[in-house]
Amino acid sequence: MEAIRIVDKKLLLLDQRLLPGQVNFVECGDWQAVANAILEMVVRGAPAIGAAAAYGMAIAATGLQQQELSLFYAGLTNAAEGLQATRPTAVNLAWAVQRMLNVARAQTGATAAAIADILWAEANIIAKEDIVVNKKIGAFGASLIPQQARILTHCNAGALATVGYGTALGVIRSAVAQGKQVSVIADETRPYLQGARLTAWEMVQENIPVTVIADNMAGFLMKQGKVDLVIVGADRIVANGDVANKIGTYALAVLAKAHQIPFYVAAPYSTFDFTKSNGDQIPIEERCETELTYFAGTQIAPTGACCYNPAFDVTPAALISAIITEFGVIEQPTTQKLAAFFTEANHD
Ligand code: MRU
């Protein structure tokens, strides 16, 4: 279940648009192909697009390695801008690209070819770190899961959305590994169906019981007492603890509050953006109308109807029971708590 595969310095991305029907990898020969794969959702999920973009930077560097240094750096900066412009909400993308640029710029005295090698090594480190971090999130998160739990999740924050293991689904994997009896309720997640197609696929492969529901059913299940907790991933968490995640997350958090059900967010430090004080400042990606007006290739809304297709929404911190990170759990997040937590974790 790898979203990202490297074979002989070749980047292969699992085409998530075709899942669960087909398992097919797309090879990206230049950084523009990586940018296009991110834009077109071949690869998706905040940590996965960050890692893919890091490899995009390494590929760009290899393509520029015969150039003199000033042209090499100009080309690399151009690739960074192109990769970063693909999807505006998930901050892991900018985080990974900037990390790669910083490493490149720190190599004073090295040749372009040597810097390209260093960037491949850095992209490999980013990818490996992601799995380590997700396992730590999983371990911290599992302590919040009761011995028996019916867990509702939205979108896909699993192995496919990361380099491996997952954030929200990583917590579920860790709870299962500890012997807890967990079943998953997967919101189908209109319009892109990441829940029905990807989360359900991951769970089925590991024999973790999963029930797919349409997004508008969650409230009824909660009222029936069929949901013990909600856990989701994040695309960006700002200084006050507001969380951008897949459209529909906010509605779930409101429902969870109304039914007194814990609502957890699982995300790595690379998803935090302390340059923004609250969620109103998060750029929200809008995607094309046809994602709504067509279903599986068939037009379902009349030509002439207007459409609005924001891909993410923002859940206010006040609705969040806890944020689970690789450094531990922040309960009922606030600006002060987050600042103190990360200062203590040596990540200020
Ligand atoms: O549009 P997507 O599929 O990239 O959106 C993905 C999500 O919203 C995930 O929940 C989020 O990126 C966290 S993935 C660990």
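We use all heavy atoms of the structure for the numbers below, so side chains are in, but hydrogens, waters and symmetry mates are not. All residue numbers in this chain count up from 1 along the given sequence.
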Problem set entry | Atom NZ of K337: over 12 foreign heavy atoms under 6.0 Å | yes

Problem set entry | Full working for side chain to side chain contact (heavy atoms under 4.5 Å, CB included) between T290 and Q299 | CA-CA 8 Å; T290 51; Q299 189 172 349; over 6 Å; no

Exercise. Taking F263 as the fixed residue, which of L255, T249, L152 is the one that meets the side-chain contact (heavy atoms from CB on, under 4.5 Å) rule?
Worked result: T249

For this session: Answer yes or no: is there an ion pair linking D8 with K10, defined by an N-O contact shorter than 4.0 Å?
Result: no

Exercise. Taking T298 for the side chain and Y294 for the main chain, is one N or O donor matched with an acceptor at less than 3.5 Å?
Worked result: no

Problem set entry | Side chain E326, main chain Y269, donor-acceptor under 3.5 Å | yes

Exercise. Does a sphere of radius 6.0 Å around CD in Q178 hold more than 12 heavy atoms from other residues, nucleotides or ligands, not counting ones at 6.0 Å or beyond?
Worked result: yes

For this session: May I ask you to test the S277-V238 pair for a side-chain heavy-atom distance under 4.5 Å?
Result: no

Problem set entry | Distance, nearest 0.5 Å, that separates CG of L338 from CD1 of I323 | 5.5 Å

Exercise. Considering only heavy atoms from C-beta outward, does the side chain of M41 approach that of Q16 to under 4.5 Å?
Worked result: no

Exercise. Same hydrophobic cluster for I38 and W95, using side-chain heavy-atom links shorter than 4.5 Å among ILVMFWY?
Worked result: yes

Exercise. When rounded to the nearest 0.5 angstrom, what distance separates CE in M217 from CE in M222?
Worked result: 14.0 Å

Exercise. Is there a path from V97 to I4 through hydrophobic residues (I, L, V, M, F, W, Y) whose side chains come within less than 4.5 Å of each other?
Worked result: yes

For this session: Would you check if there is a donor-acceptor pair between the side chains of Y165 and D130 at a distance under 3.5 Å?
Result: no

Exercise. Does a side-chain heavy-atom distance below 4.5 Å link D280 with D242?
Worked result: no

For this session: With R236 as the cation and F272 as the aromatic partner, state whether NZ or CZ is under 6.0 Å from the six-membered ring centre and within 45° of the axis.
Result: no

Seminar exercise, completed: Nearest heavy-atom contact between L11 and V34 is CD2-CG2, 3.7 Å

Exercise. Hey, is K9 close enough to D117 for a salt bridge, meaning N to O under 4.0 Å?
Worked result: yes

Exercise. Please walk me through it: do Q181 and V176 pass side chain to side chain contact (heavy atoms under 4.5 Å, CB included)?
Worked result: CA-CA 7 Å; Q181 287 178 321; V176 169; over 6 Å; no

Problem set entry | Q224 CD: over 12 foreign heavy atoms closer than 6.0 Å | yes

For this session: Carefully, step by step, assess I324 and V265 under the rule side chain to side chain contact (heavy atoms under 4.5 Å, CB included).
Result: CA-CA 6 Å; I324 306 156; V265 175; over 6 Å; no

Exercise. What's the shortest heavy-atom distance between L292 and Y308, and which atoms?
Worked result: CD1-O, 3.2 Å

Exercise. For atom NZ of K136, is the number of surrounding heavy atoms from other residues, nucleotides or ligands below 6.0 Å larger than 12?
Worked result: no

Exercise. Atom CD in E2, atom CG in L13: separation rounded to 0.5 Å?
Worked result: 11.5 Å

Exercise. In terms of side-chain heavy atoms, does Q84 have a donor or acceptor partner in Q98 at a distance below 3.5 Å?
Worked result: yes

For this session: Might you work through the side chain to side chain donor-acceptor pair (under 3.5 Å) test for W120 and T62, ending with a clear yes or no?
Result: CA-CA 9 Å; W120 274 100; T62 301; 2.8 Å; yes

Exercise. How would you list all residue pairs meeting salt bridge (charged side-chain N to carboxylate O under 4.0 Å, His left out) that involve residues 72-89, not counting sequence neighbours?
Worked result: R87-E285

Problem set entry | Backbone of A318 reached by a side-chain donor or acceptor of K257 within 3.5 Å | yes

Exercise. Side-chain heavy atoms under 4.5 angstrom apart, residues restricted to Ile, Leu, Val, Met, Phe, Trp, Tyr: same cluster for V43 and I59?
Worked result: yes

For this session: Return each pair, listed once, that meets ring-ring contact (aromatic ring centres under 6.0 Å, His included) where at least one residue sits in residues 216-259; pairs must be two or more places apart or across chains.
Result: none

For this session: Output yes when a side-chain donor or acceptor of K276 lies under 3.5 Å from a complementary backbone atom of A239, and no otherwise.
Result: no

For this session: Mark yes when over 12 heavy atoms from residues, nucleotides or ligands other than K128 sit less than 6.0 Å from its NZ; otherwise mark no.
Result: no

Seminar exercise, completed: In short, R44 meets I49 closest at the heavy-atom pair CA-CG2, 3.7 Å

Exercise. In terms of side-chain heavy atoms, does N134 have a donor or acceptor partner in T167 at a distance below 3.5 Å?
Worked result: no

For this session: Would you please test R5 and E27 for salt bridge (Lys or Arg N to Asp or Glu O under 4.0 Å) and show each step?
Result: CA-CA 9 Å; R5 199 178 267 180; E27 187 183 326; over 6 Å; no

Exercise. If you measure from CD on E206 to CD1 on I172, what distance do you get to the nearest 0.5 Å?
Worked result: 10.5 Å

Exercise. Given the rule in the side chain to side chain contact (heavy atoms under 4.5 Å, CB included) test, do R99 and E122 qualify, once you have shown the distances and angles that lead to the verdict?
Worked result: CA-CA 9 Å; R99 176 166 158 176; E122 188 67 17; 2.8 Å; yes

Seminar exercise, completed: Of all heavy-atom pairs linking A218 and L252, the shortest is CB-CD2, 3.6 Å

Exercise. Under a single-linkage definition using a 4.5 Å side-chain heavy-atom cutoff for Ile, Leu, Val, Met, Phe, Trp and Tyr, are V184 and I261 assigned to the same hydrophobic cluster?
Worked result: no

For this session: Measure across V212 and A200 and return the closest heavy-atom pair with its distance rounded to 0.1 Å.
Result: CG2-CB, 3.8 Å

Exercise. Pick from E291, R287, E286: which one makes a side chain to side chain donor-acceptor pair (under 3.5 Å) with N309?
Worked result: E291

Exercise. Taking atom types as modelled, is there a side-chain donor on T271 or N92 under 3.5 Å from an acceptor on the other?
Worked result: yes

Problem set entry | Qualifying side-chain hydrogen bond (donor to acceptor under 3.5 Å, both in side chains) pairs with a residue from residues 104-114, counting only residues at least two apart or across chains | T77-R105

Problem set entry | N-O pairing of D228 and R150 below 4.0 Å | yes

Exercise. Distance-only, no hydrogens or angles: does the T89 side chain make a donor-acceptor pair with backbone N or O of P283 under 3.5 Å?
Worked result: yes

Problem set entry | Test log, rule side chain to side chain donor-acceptor pair (under 3.5 Å), inputs T189 and D187 | CA-CA 5 Å; T189 317; D187 263 357; 5.5 Å; no

For this session: If the plane angle is over 60° it's perpendicular, under 30° parallel, otherwise tilted; pick one for F342 and F274.
Result: perpendicular

Seminar exercise, completed: Here the pair of heavy atoms bringing I247 nearest to R190 is CG2-O, 4.1 Å

Exercise. Do T325 and I330 come within less than 4.5 Å of each other through their side chains, counting heavy atoms only?
Worked result: yes

Exercise. Does L160 share a hydrophobic cluster with V23, counting links as ILVMFWY side-chain heavy atoms below 4.5 Å and allowing steps through other members?
Worked result: yes

Exercise. Are R197 and E202 within salt-bridge range, i.e. N to O under 4.0 Å?
Worked result: no

Exercise. How long is the gap from OG1 on T199 to CG on N156, to the nearest 0.5 Å?
Worked result: 4.0 Å

Problem set entry | Pairwise distance CD1(I185) to CD1(I151) - rounded to 0.5 angstrom | 9.0 Å

Exercise. Does the side chain of V243 come within less than 4.5 Å of V314's, by heavy atoms?
Worked result: no

Exercise. Would you say the ring centroid of F140 lies under 6.0 angstrom from that of F327?
Worked result: no

